[in-house]
Amino acid sequence: MPHLSFTVEPLSEILPAVRAALESGEEVTLEVPDPDAGLGLYAGELYTGAAGPAGRHRPWSAWADLADALGAHLLTPQPSGPGRARFGLRRYAAAPAPDAGGYGTDGDWARVDKLEDPVLLLTLVEALRRIDPPAGGRVLALGVNSGRELDALALAFPGRPFTVVGLDTDASALAVARGRFPRAEFLELDVVGLPVPALGRFDLILALSLLQSPGVRRDVLLKALCRQHLSETGGLVLGFPNARYRDGLLSYGARMRNFARPDLSLLCADVTDTRRDLQKRGFQVFVTGQYEVLLTALPVEHRVGRDLTL
């Protein structure tokens, strides 16, 4: 297993050296200046430790980004002498994405819990509190799958009851959702069939990682939701994925076929077009998030909820 040691080298030298080492094997060990010794410095700043040699500071977040950029896990760091730390990088296993086998309970997607992403958890709670649906209000969750994201409602509004309706096309996932939320109603229904007048109107509509799905026409679906399923004072939270899952980890950036690095052009276009569409319909729109970009829309005359932070 290759072992690389760095002290004052710039990242422009480190990155190709680490890439070459990973290409020659599954794992590489790095010894670097301990990031804890340089707290408060910016990445790349030089310093002299009290008990060690001069070094170039880089926070752990920089090494984590380097690992993901090179398609590798960052293994648990260990001390390696005064002012030094050692850690390993292990290449991602060549495994299909968890959604490659569909979204049912017999596939790997059932292992994924999006609310384990701390940025999504915080931004989703903030989005829900911006809309601030009333107690007893109606919530429509599109592409609800097994219902894990519905846990954010209880986090955002402890003790506040809602009438929840969830739609999805996978019967096995809906069965799990019914077990998790026995008071909610879950229907096996494709969103391309909306509007369905019998569903009625809702104070909150939630749709994560849905609008870019094959067969879904974003403009047609938004029109149906706004005209026939959203109440006059209701709001929407729409999620656009900006990541993919790789060997158990969430890897930043939307991918396009035949591109080695993330390309955000389609994501930016979809978010911008959706934001413009909603603004034309009389909504104020907020754009937040990281691995999942959230568009929060509520009527312009609606006062934004307070105490947004979880």
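Just the heavy atoms: all of them, side chains too, but no hydrogens, waters or symmetry mates, feed the values below.
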Measure the shortest side-chain to side-chain distance between [X] and [Y] over non-hydrogen atoms and say whether it is less than 4.5 angstrom.
X: T29; Y: M1; result: yes
X: L189; Y: L199; result: yes
X: L174; Y: N145; result: no
X: E31; Y: T7; result: no
X: V287; Y: V293; result: yes
X: R84; Y: P33; result: yes
X: L204; Y: L128; result: yes
X: L236; Y: L206; result: no

inquiry  = Please evaluate residues L238 and L222 with respect to the criterion side-chain contact (heavy atoms from CB on, under 4.5 Å), reporting the C-alpha separation (whole Å), side-chain torsions for both, the decisive distance (0.1 Å), and the verdict.
reply    = CA-CA 10 Å; L238 310 174; L222 283 177; 3.8 Å; yes
Residues, nucleotides or ligands: over 12 heavy atoms within 6.0 Å of E232 CD = no
Quick one: pull up [atom1] in [X] and [atom2] in [Y] and give me the separation to the nearest 0.5 Å.
X: L230; Y: L140; atom1: CG; atom2: CG; result: 9.5 Å
X: Y252; Y: L264; atom1: OH; atom2: CG; result: 5.0 Å
X: W63; Y: L89; atom1: CH2; atom2: CG; result: 8.5 Å
X: D132; Y: L298; atom1: CG; atom2: CG; result: 10.0 Å
X: L66; Y: S61; atom1: CG; atom2: OG; result: 11.5 Å
X: T272; Y: L295; atom1: OG1; atom2: CG; result: 9.0 Å

On a heavy-atom basis, which atom in [X] and which in [Y] lie closest, and how many Å separate them?
X: L294; Y: G239; answer: CD2-CA, 3.8 Å
X: V176; Y: S146; answer: CG1-CB, 3.8 Å
X: L11; Y: P16; answer: O-CD, 4.2 Å
X: F87; Y: P77; answer: CB-CA, 3.8 Å
X: F157; Y: P133; answer: CZ-CD, 3.6 Å
X: V8; Y: G55; answer: CG1-CA, 4.1 Å

request  = Show your working on side-chain contact (heavy atoms from CB on, under 4.5 Å) between L194 and Q228 and close with a plain yes or no.
outcome  = CA-CA 9 Å; L194 296 177; Q228 299 196 43; over 6 Å; no
Check: [Y] main-chain N/O paired with [X] side-chain donor or acceptor under 3.5 Å:
X: R56; Y: G44; value: yes
X: R129; Y: A156; value: yes
X: R148; Y: A110; value: yes
X: T296; Y: A127; value: no
X: D68; Y: S251; value: no

message = I'd like to know if the side chain of Q212 pairs up with that of D270 as donor and acceptor (distance under 3.5 Å, no hydrogens or angles considered).
response = yes
message = I'd like to know if the side chain of Y103 pairs up with that of D108 as donor and acceptor (distance under 3.5 Å, no hydrogens or angles considered).
response = no
According to a hydrophobic-cluster definition based on side-chain heavy atoms being under 4.5 Å apart (Ile, Leu, Val, Met, Phe, Trp, Tyr only), do [X] and [Y] belong together?
X: L41; Y: F6; answer: no
X: L75; Y: L249; answer: no
X: L187; Y: V192; answer: yes
X: V300; Y: F286; answer: no
X: W109; Y: Y92; answer: no

ask   = Between D99 and V112, is a side-chain contact (heavy atoms from CB on, under 4.5 Å) present by the stated rule, with each step listed?
value = CA-CA 9 Å; D99 58 351; V112 174; over 6 Å; no
ask   = Quick one: are the ring centres of Y42 and H57 less than 6.0 Å apart?
value = no
task = Starting from the C-alpha separation in whole Å, work towards a yes-or-no answer on side chain to side chain donor-acceptor pair (under 3.5 Å) for R138 and S231.
result = CA-CA 9 Å; R138 304 190 74 221; S231 68; over 6 Å; no
Can you tell me which residue pairs pass the salt bridge (charged side-chain N to carboxylate O under 4.0 Å, His left out) test with a partner in [range], sequence neighbours excluded?
range: residues 17-26; result: E26-R91
range: residues 165-193; result: none
range: residues 273-297; result: K114-E292, R218-D273, D273-R276, D277-R281

key: Parallel, tilted or perpendicular: rings of F202 and H229 (30°, 60°)   = tilted
request  = Classify the ring geometry between F186 and F181 as parallel (under 30°), tilted (30 to 60°) or perpendicular (over 60°).
outcome  = tilted
key: Result of checking V119, L115, D113 against D117 for side chain to side chain contact (heavy atoms under 4.5 Å, CB included)   = V119
task = Let me see the working for L153 and L150 under side-chain contact (heavy atoms from CB on, under 4.5 Å), right down to the final yes or no.
result = CA-CA 6 Å; L153 286 170; L150 295 177; 4.2 Å; yes
